[in-house]
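In what follows, a single structure is set out as structure tokens and then discussed.
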Amino acid sequence: MAEVANYHQELSNRISPIVEKLIKGNSLYQVKLNQQAMREMLVELFGQLSQKEMRAITEHELTRRIDKILVLEAVSGTLNDLTPEQIKMYDEAVKRK
């Protein structure tokens, strides 16, 4: 059990500074995302990997993966923020493509 707790802490220590840096550097993330919630979700997500698999991911690759996940999380509810007129314009634009 202590090994699981240690691995969880290792993940948190590795993921937290990346999340903080990415959110600090992106105004969309600052508006749309809760930093603590994103950290927790990412620790849970990457915790599904074995320690060996996780340790094999370079910092650059981990940052790239986390950034892609944050983009998805930030834009996932964007259509819900549109007015009915904007939704109509969006639907028309999609139909033309």
Side-chain angles (χ1 to χ4, degrees):
M1 189 66 172
E3 186 174 324
V4 172
N6 288 341
Y7 180 52
H8 182 81
Q9 186 62 46
E10 179 183 335
L11 283 172
S12 184
N13 290 345
R14 191 165 175 207
I15 289 170
S16 292
I18 295 171
V19 171
E20 183 177 345
K21 179 181 175 186
L22 289 171
I23 290 179
K24 188 180 283 188
N26 187 311
S27 60
L28 175 65
Y29 294 169
Q30 292 171 18
V31 171
K32 294 285 190 175
L33 302 177
N34 176 294
Q35 187 170 328
Q36 181 63 32
M38 290 299 98
R39 268 197 303 263
E40 291 170 6
M41 181 270 295
L42 289 163
V43 167
E44 179 71 27
L45 180 67
F46 285 105
Q48 295 175 23
L49 299 174
S50 71
Q51 289 182 10
K52 184 177 179 180
E53 291 170 320
M54 188 61 193
R55 289 178 181 148
I57 301 172
T58 66
E59 288 301 304
H60 175 74
E61 179 62 18
L62 183 59
T63 300
R64 189 184 70 77
R65 291 181 186 190
I66 290 173
D67 193 34
K68 287 183 178 225
I69 293 167
L70 293 180
V71 167
L72 182 61
E73 289 291 325
V75 300
S76 65
T78 301
L79 291 178
N80 296 335
D81 296 337
L82 299 178
T83 66
E85 295 80 22
Q86 291 171 322
I87 291 173
K88 184 178 178 184
M89 289 170 48
Y90 173 81
D91 288 341
E92 290 171 2
V94 169
K95 286 178 188 176
R96 286 186 288 235
K97 291 188 177 198

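Throughout, residue positions are numbered sequentially from 1 according to the sequence presented.
I87 and M89 fall into different hydrophobic clusters, where Ile, Leu, Val, Met, Phe, Trp and Tyr residues are linked whenever their side-chain heavy atoms come under 4.5 Å apart, directly or through other members. At a threshold of 4.5 Å between side-chain heavy atoms, the hydrophobic network of Ile, Leu, Val, Met, Phe, Trp and Tyr places I69 and V71 in one connected group.
One side chain, N13 or Q9, offers a donor N or O that lies under 3.5 Å from an acceptor on the other.
Distance alone, capped at 3.5 Å, is enough to place a donor-acceptor pair between the Y29 side chain and the D67 backbone. Using a distance-only test at 3.5 Å, with no hydrogens or angles considered, no donor-acceptor pair links the side chain of E61 to the main chain of T58.
Side-chain atoms of L11 and E44, non-hydrogen and from C-beta on, never get closer than 4.5 Å to each other. Counting heavy atoms from C-beta outward, E73 and K32 have side chains that stay 4.5 Å or more apart. L33 is not listed as a side-chain neighbour of V19, based on a closest heavy-atom distance of 4.5 Å or more. Within the 4.5 Å cutoff, the side chain of N26 has no heavy atoms near those of the L22 side chain.
Nearest heavy atom pair, residue S16 against residue R39, reads OG-CD, 2.8 Å. Here the closest non-hydrogen pair linking P17 and S12 is CD-O, 4.3 Å. Among all heavy-atom pairs drawn from Q30 and K24, the shortest one is NE2-O, 2.7 Å.
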M54 vs Y7, test: side-chain contact (heavy atoms from CB on, under 4.5 Å). Steps then yes/no. CA-CA 10 Å; M54 188 61 193; Y7 180 52; 3.3 Å; yes
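Taking NE2 from H8 and CZ from F46, the interatomic distance works out to 14.0 Å, rounded to the nearest 0.5 Å. To the nearest 0.5 Å, atom CG of residue L42 and atom CD1 of residue I18 are 9.5 Å apart.
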